[in-house]
Amino acid sequence: MSTVIDQAVQVRLIASAPQDRAVPAQLRYAPSDPFAVHIAFPPVASLDGADVAWAFARELLADGLTSPAGAGDVHVWPCGPDRTVLEFHAPEGIAMVQIATAEVRRFLARSYAVVPAGHEGGRLDVDSDVAALLREA
């Protein structure tokens, strides 16, 4: 049985406008993709009115709780003792959100209960993945 972790969170969208605004978001972890976490934002959080979703390393999220982490499209860093910043880079621009660090820690703890850190590789079914790729070729 595969347990998917879905956790609704409230994030604060950091904008250049005079006021930041709170928007809902959804954190997701699926053992079928054991190295990744996903975060989804509703259309109200985007400039074009479309849903926005990002996937990035679970380890990046964990590392960013204690020190700046990330060198690619996603950066994570602590912002005081209670908040964590997630920064997303896309061709259209950069988006930044703050999320309660306690929520991130709770989400990560739930994901580690399903797939402990360091055991992600054991969850991969490489043979099935290769077979699927060969069928598609």
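For this chain, numbers begin at 1 and follow the sequence in order.
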Under the side-chain hydrogen bond (donor to acceptor under 3.5 Å, both in side chains) test, which residues partner Arg110, sequence neighbours left out? Gln7
Mind checking side-chain hydrogen bond (donor to acceptor under 3.5 Å, both in side chains) for Arg106 and listing every partner two or more places apart, or none if nothing turns up? Glu103
Side-chain donor-acceptor distances from residues 61-77 under 3.5 Å, at least two apart:
residue, atom, partner, partner atom, Å
Thr66, OG1, Asp63, O, 3.3
His75, ND1, Gly70, O, 3.2
His75, NE2, Gly72, O, 2.9

Please give me the minimum heavy-atom distance between [X] and [Y], naming the atom from each residue.
X: Val11; Y: Ala25; value: CG1-CB, 4.0 Å
X: Pro42; Y: Pro24; value: CD-O, 3.0 Å
X: Ala36; Y: His38; value: CB-NE2, 4.1 Å
X: Pro31; Y: Val114; value: CG-CG1, 3.3 Å

Given 3.5 Å as the limit, does a donor-acceptor pair link the side chain of Glu59 with the main chain of Ala57, or not? no
Would a distance-only check, ignoring hydrogens and angles, find a side-chain to backbone donor-acceptor pair under 3.5 Å from Tyr29 to Pro34? yes
Side chain to side chain contact (heavy atoms under 4.5 Å, CB included) between Asp51 and Phe41: does it pass, once the steps are laid out? CA-CA 6 Å; Asp51 289 328; Phe41 301 96; over 6 Å; no
When rounded to the nearest 0.5 Å, the distance separating CG of Leu27 from CZ of Phe107 is 5.0 Å
Results of side-chain contact (heavy atoms from CB on, under 4.5 Å) for Ala22 - residues two or more places apart only: Gln10, Arg12
Extract all donor-acceptor atom pairs below 3.5 Å that involve side chains of residues 79-96 and protein atoms in other chains or at least two apart in sequence.
residue, atom, partner, partner atom, Å
Thr84, OG1, Thr101, OG1, 2.7
Glu87, OE2, His89, NE2, 2.6

Taking side chain as C-beta onward, heavy atoms only, is Gln26 less than 4.5 Å from Asp6? yes
Going by heavy atoms in the side chains, are Ile14 and Val97 under 4.5 Å from each other? no
